[in-house]
Amino acid sequence: LRWLVCRLQIAMTSQRKVLIPMDASANSERALTWYLKYGRHEGDHILIFHSVDTRDVISQVGFGVAVLPTEALQDVLAEKEKDLCHLKTKCEAMLKDSGLTGEFISSTKISNPGDAIVDVAKQHDVGLIVIGSRGLGSVKRAFLGSTSDHVLHHAHKPITIIPPEHH
């Protein structure tokens with residue numbers, strides 16, 4: 001019993017890294033809000049991560065195997081960068097208002113967001129992932145994919161999935 005109490009005290013006093021993947025959705029904002037209200041521990045270091053879904057960029061530009069339309073791609077990427085700056089400012093303000101430290105990490109690596117989140121969790125050796133969910137049913141999840149489901153099954157880290165408001 002003494003050993004357990006000692007380990008709990010050590011765990012409670014050490015800095016925990018918490019990864020919170022964010023996009024512009026209400027569901028990811030709910031995850032950050034939930035963490036700030038219910039999941040935070042004193043001394044936590046927050047890693048807010050945003051992965052630009054490059055598949056989304058490609059579909060907006062409208063090319064497949066064809067030659068890359070450079071001007072259209074630059075326009076889409078400029079819009080994505082503007083959105084990223086807005087998201088970063090908003091997240092940093094939420095952390096500051098809560099008195100927590102953290103950093104904002106973004107990636108434009110060509111991969112799906114689920115894989116990018118798993119990679120960041122491993123690279124930074126996070127102790128917890130808090131992620132929002134769209135609340136897709138099993139049929140839609142099978143066809144559309146679920147980032148939170150992918151992270152749950154591949155990150156091999158403790159994870160808290162925050163459901164959408166209507167659940």
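On a predicted model such as this, the values are computed, not experimentally measured, just so you know.
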So, taking the atom named OG in Ser148 and the one named NE2 in His153, what distance separates them when rounded to the nearest 0.5 Å? 10.0 Å
Contacts of type side-chain contact (heavy atoms from CB on, under 4.5 Å), residue Glu79, not counting sequence neighbours: Lys82, Asp83
For atom CD of Glu81, is the number of surrounding heavy atoms from other residues, nucleotides or ligands below 6.0 Å larger than 12? no
Member of Ile48, Asp44, Thr160, Val126 meeting the side chain to side chain contact (heavy atoms under 4.5 Å, CB included) criterion with Val18: Asp44
What are the two closest non-hydrogen atoms of Ile129 and Ala121, and how far apart are they? CD1-CB, 3.8 Å
Quick one: list whatever passes side-chain contact (heavy atoms from CB on, under 4.5 Å) with Ser28, sequence neighbours left out. Met22, Asp23, Ser25
Is any side-chain heavy atom of Tyr35 closer than 4.5 Å to a side-chain heavy atom of Leu100? yes
How close do Ala116 and Ser51 get, heavy atom to heavy atom, and via which atoms? CB-OG, 3.6 Å
Could you tell me the separation between the CG atom of Asp149 and the NE2 atom of His154, rounded to the nearest 0.5 Å? 9.0 Å
Find the distance between CG (Asn27) and CD1 (Ile161) and round it off to the nearest 0.5 Å. 12.0 Å
Going by heavy atoms in the side chains, are Leu36 and Leu95 under 4.5 Å from each other? yes
May I have all residue pairs that pass salt bridge (charged side-chain N to carboxylate O under 4.0 Å, His left out) and include part of residues 25-36, sequence neighbours excluded? Glu29-Lys90
Spacing of CD belonging to Gln15 relative to NE2 belonging to His41, to within rounding of 0.5 Å: 13.5 Å
Side chain to side chain, Ser107 and Val120, heavy atoms closer than 4.5 Å: no
Rounded to the nearest 0.5 Å, how far apart are CD1 of Ile131 and CG of Leu152? 9.5 Å
Please report the closest heavy-atom contact between Pro21 and Ile117, naming both atoms and the distance. CB-CD1, 3.5 Å
In Å and rounded to the nearest 0.5 Å, what is the CG to CG distance from Leu128 to Leu19? 9.0 Å
What pairs with Leu84 under side-chain contact (heavy atoms from CB on, under 4.5 Å), at least two apart in sequence or on another chain? His50, Phe104, Ser106
Which residue pairs pass the side-chain hydrogen bond (donor to acceptor under 3.5 Å, both in side chains) test with at least one member in residues 115-129, sequence neighbours excluded? Lys109-Asp119, Asn112-Asp115, Asp115-His150, Asp125-Lys157
State, with a plain yes or no, whether a side-chain heavy atom of Thr33 is found less than 4.5 Å away from one of Met94. yes
Which heavy atom in Ala31 sits nearest to a heavy atom in Val130, and how many Å separate them? O-CG1, 3.6 Å
In the single-linkage hydrophobic clustering (I, L, V, M, F, W, Y; side-chain heavy atoms under 4.5 Å), do Ile46 and Ile162 co-cluster? yes
side-chain contact (heavy atoms from CB on, under 4.5 Å) partners for Thr89, two or more places apart: none
